[in-house]
Engineer: 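Here it is, the structure, as structure tokens.
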Amino acid sequence: MQYKKEYESNNELLPAGWEHEKSLRDYNSAVLGNKQIGFDEGTDALGELIRILLKEKKLDEVNRVTKNKKYRKKMLKEYNLLYGKKSKA
């Protein structure tokens with residue numbers, strides 16, 4: 001660890017382009033983190049929708065939601081499960 005601190009604080013030891021490379025790594029890490037959050041929210045919303053439909057005994061709807069992307073999005077909006085865009089239903 002001591003080497004890393006010394007390396008980061010001593011500009012003579014930094015290779016050319018290091019700042020750019022570091023900023024790209026930081027950016028990529030943030031993008032991947034945001035994608036993971038979006039994925040988790042989407043799977044949570046879909047899971048909740050399926051639980052609701054099963055509770056309401058709407059098995060045909062569950063089947064349709066799993067196969068039809070457009071219908072799935074419509075149902076997520078209808079049940080206010082689409083993150084960031086609450087519907088007025």
Engineer: Roughly how far, to the nearest 0.5 Å, is the CG atom of Leu49 from the CG atom of Leu54?
Structural biologist: 9.5 Å
Engineer: Do Met75 and Glu78 have side chains that approach each other closer than 4.5 Å (heavy atoms only, starting at C-beta)?
Structural biologist: yes
Engineer: Just how far is it from atom NZ of Lys57 to atom NZ of Lys55, taken to the nearest 0.5 Å?
Structural biologist: 10.5 Å
Engineer: Got a sec, which residues hit side chain to side chain contact (heavy atoms under 4.5 Å, CB included) with Lys58, two or more places apart in sequence or on another chain?
Structural biologist: Leu53, Glu56, Glu61, Tyr79
Engineer: Test of understanding: with salt bridge (charged side-chain N to carboxylate O under 4.0 Å, His left out), list the residues that count as partners of Arg64, not counting sequence neighbours.
Structural biologist: none
Engineer: Out of Arg51, Glu41, Arg72, which residue meets the side-chain contact (heavy atoms from CB on, under 4.5 Å) rule with Leu46?
Structural biologist: Arg72
Engineer: What is the minimum heavy-atom distance between Leu81 and Ala45, and which atoms define it?
Structural biologist: O-CB, 3.3 Å
Engineer: Step by step, would you call Lys74 with Lys77 a side-chain contact (heavy atoms from CB on, under 4.5 Å)?
Structural biologist: CA-CA 5 Å; Lys74 175 188 177 290; Lys77 283 182 182 179; 5.9 Å; no
